Q: 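Sending over a structure as structure tokens; questions will come in a sec.
Since the model is a prediction, treat every value here as computed from it, not as a measurement. Reminder, nothing fancy here: chain letters follow the sequence lines and each chain counts from 1.
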Amino acid sequence: MREDVSLLVFARELLLAAPVTIEITLGAAVLAFAMSILFGLARLSRIWLVRALARIYVEFFRGSSALVQLFWLFYVLPHFGILLEPITVGIVGLGLNAGAYGAEIVRGAVIAVDRGQYEAATALNFSRSRTMIRIILPQALVAMMPPFGNLFIELLKGTALVSLITITDITFRAAQLNVFTLQSMEIFSVAINVYLVLALAIIFFMRSMERRLGRGLGRVGGVS
Amino acid sequence: MSDEPIVQFQGVTKSFGDLVVLDSFDLDVAPNEHISVIGPSGSGKSTLLRVLMTIERIDSGTIKVDGDYLWHMEREGRLVPANEAHLRKVRGKVGMVFQQFNLFPHMSALRNVTEAPIHVLGMAKEEATERAVELLNMVGLSDKMESFPAQLSGGQQQRVAIARALAMRPKVMMFDEVTSALDPELVGEVLGVMRTLATEHALTMIIVTHQMGFAREISDRICFIEGGRIVEQGPPDRIFSAPESERTRAFLKAVLEV
Ligand SMILES: Nc1ncnc2c1ncn2[C@@H]1O[C@H](COP(=O)(O)OP(=O)(O)OP(=O)(O)O)[C@@H](O)[C@H]1O
Ligand SMILES: [Mg+2]
């Protein structure tokens, strides 16, 4: 019988793969956030065509599997002469997918801002864009933070899919180690905990963003 | 020129679905006149103010503010619907204070007052701040400049809202039941500010209120409206002591008995 490799060695190996998971999560989160704001606001546009295009984006990415979307970018795009790095495929694929959900978060948060805020802005003669940027979005952003926290955690977990397009992330490395050592219990328990720590970091970050953005909104010092 | 009304409603109709809220409504308001609009709930008082603030569109008729059409522009001798630029130009002459204050919760009292002068009028920050400090002093809030709305009482918030509207230097100020959301002990401080505005400043005021004593005291004219039309109007003493219309009498009897 082969000597068991210690938990610490697994932990070290999986942590070495963590930067890839983190890079894809961060990259995709930034892309998703930008797409969310862009398409969330486009969903509320006064222009019919803009609303329709945003709707198509949202329904397209929500309506099909993220894994198939990744495979499409990975296997099909090269047929059109577009060859992306696997990491780029991961970031773009997962970012666009999460952005579709995020657009609905943005739309919902903007709609939820009290009508009186728009009316006060009109009474003070703010233009539509100034109203959105200076009055509505700062309030909506606070409300967006908790659902975006959830979305980013989903995103983190979703990065495991990139192990299927040749990227050595935490999941890929865990599967590899499992093949070599067959110590499934230890390996996957450690892997779960590494993901958990990353998820906690996201929760912590989003909470502090919510608090920062909400300063003055009467939520400071309140229950959170 | 001074006889020219500053606000002129002509045959203004506004419906929500089948419900006609303003029914071919006519009203002339003279410069610096103080008008109180009274009437039962649902009679169209708020809608009257909201169409003048361009929060709500009108279906037909015209409104003029200081000689310009509000919802229309003149093109080759014809009236066409106003575009955004025209609306913004005319709307700038009107300001409004709301029942629910509607302060911007993410800004301090001071920034609530400076925000629009800076970002709408393009005023320099120093000048806007100086004016805002003056206005907040006037409404008795010199010690609350840095407070956020959530840290202020209703009466204080409403006084910030009044300062915020005044900072845009409107010619016409509208007040829609601005004390209705306040605890009774806070009503006086807001009415006090409005009284100061009425007596010490050249300002046209259109006030919707249930405070009959206050309306009587500061108004040049009372308009009683019901069903989207003016039923009766005139100087406060006459309206309150000798109303001509049976409906006015019934309304006053009901509210004054409470
Ligand atoms: N956005 C809207 N959509 C549909 N109906 C509306 C809308 N705004 C107002 N109404 C209706 O129009 C009528 C007049 O409303 P308005 O708010 O002008 O009355 P009011 O005289 O201000 O009443 P109150 O004293 O209760 O404030 C009411 O029946 C109201 O329900
Ligand atoms: Mg009303």
Side-chain angles (χ1 to χ4, degrees), chain A residues 37 41 44-48 50 105-106 108-148 206-224, chain B residues 46 49-57 84-85 87-109 111-122 146-152 157 160-161 164-170 172-176 181:
Chain A
I37 299 281
L41 293 181
L44 298 166
S45 168
R46 274 204 264 189
I47 302 161
W48 173 87
V50 173
I105 293 176
V106 171
V110 166
I111 288 176
V113 173
D114 183 45
R115 274 178 52 109
Q117 295 291 306
Y118 290 92
E119 294 177 0
T122 301
L124 292 166
N125 219 353
F126 280 94
S127 66
R128 270 178 70 86
S129 57
R130 286 274 158 101
T131 299
M132 193 48 78
I133 291 167
R134 307 206 66 90
I135 295 164
I136 305 302
L137 273 183
Q139 298 178 57
L141 274 175
V142 185
M144 287 176 208
M145 288 303 118
F148 264 117
M206 296 307 286
R207 283 261 167 83
S208 77
M209 283 304 284
E210 188 186 356
R211 233 171 296 136
R212 263 172 96 103
L213 293 169
R215 211 165 277 164
L217 280 181
R219 302 177 192 192
V220 190
V223 277
S224 59
Chain B
S46 294
L49 301 194
R50 291 160 64 85
V51 297
L52 181 53
M53 195 65 260
T54 70
I55 290 169
E56 219 72 78
R57 314 185 148 270
E84 187 65 23
L87 268 182
R88 290 193 69 199
K89 177 182 144 237
V90 183
R91 181 198 285 146
K93 296 176 180 176
V94 185
M96 181 163 177
V97 183
F98 301 86
Q99 180 174 346
Q100 299 298 341
F101 330 136
N102 296 345
L103 289 182
F104 304 133
H106 56 302
M107 299 180 190
S108 67
R111 248 193 85 199
N112 261 281
V113 183
T114 59
E115 190 72 4
I118 293 173
H119 295 285
V120 176
L121 301 180
E146 297 307 327
S147 301
F148 284 88
Q151 301 164 324
L152 298 173
Q157 289 188 59
V160 175
R164 179 177 72 170
L166 288 172
M168 296 299 280
R169 299 181 189 271
V172 180
M173 273 277 275
M174 301 188 284
F175 299 83
D176 190 3

Q: Answer with side chain, backbone, both or neither: which region of B:Q151 has an atom nearer than 4.5 Å to a non-hydrogen atom of chain A?
A: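 It is neither, since no heavy atom gets under 4.5 Å.
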Q: What are the residues of residues 125-132 of chain A, in order of number, with any heavy atom under 4.5 angstrom from a heavy atom of chain B?
A: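 Under the 4.5 Å heavy-atom cut-off, A:N125, A:F126, A:S127, A:R130 qualify.
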Q: Could you have a look at B:R91, B:M53, B:Q100 and say which one has the most heavy-atom pairs with chain A under 4.5 angstrom?
A: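 Most heavy-atom pairs within the cutoff with chain A belong to B:R91.
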Q: Of the non-hydrogen atoms in A:P138 and B:H106, which two are nearest, and what is the gap between them?
A: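 In this case the closest contact between A:P138 and B:H106 is CB-CD2, 3.4 Å.
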Q: If I measure from the heavy atoms of chain A, does B:V97 come under 4.5 Å with its side chain, its backbone, both, or neither?
A: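 For B:V97, neither part sits under 4.5 Å from chain A.
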Q: Between B:M96 and A:A123, which heavy-atom pair has the shortest distance, and what is it?
A: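 Between these two residues, the closest heavy atoms are CB-CB, 4.3 Å.
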Q: Measure across A:A120 and B:F104 and return the closest heavy-atom pair with its distance rounded to 0.1 Å.
A: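 Nearest heavy atoms, A:A120 then B:F104: CB-CE2, 4.0 Å.
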Q: Measuring heavy-atom distances to chain A, does B:M168 have an atom under 4.5 Å in its side chain, in its backbone, in both, or in neither?
A: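 The side chain, not the backbone.
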Q: To the nearest 0.5 angstrom, please state how far the CD atom of B:E115 sits from the CG atom of A:L124.
A: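 So the gap between those two atoms works out to 9.5 Å.
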Q: Considering only residues two or more places apart or on different chains, which pairs with a residue in residues 108-119 of chain A satisfy salt bridge (Lys or Arg N to Asp or Glu O under 4.0 Å)?
A: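 The answer is A:R115-A:E119, A:E119-B:R50.
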Q: Report the option among B:A165, B:S108, B:S147, B:A116 that has the most heavy-atom pairs separated by less than 4.5 Å from atoms of chain A.
A: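 Ranked by contacts with chain A, first place is B:A116.
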Q: Need one label for B:L103: side chain, backbone, both or neither, based on atoms under 4.5 Å from any heavy atom in chain A.
A: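 For B:L103, the backbone is the part near chain A, not the side chain.
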Q: Has the side chain of B:N102 got a donor or acceptor atom that lies under 3.5 Å from a matching backbone atom of A:G116?
A: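 Judged by distance alone, yes, a pair lies under 3.5 Å.
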Q: Given a strict heavy-atom distance threshold of 4.5 Å, which part of B:F98 is in contact with chain A: side chain, backbone, both, or neither?
A: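 For B:F98, the contact with chain A is made by the side chain alone.
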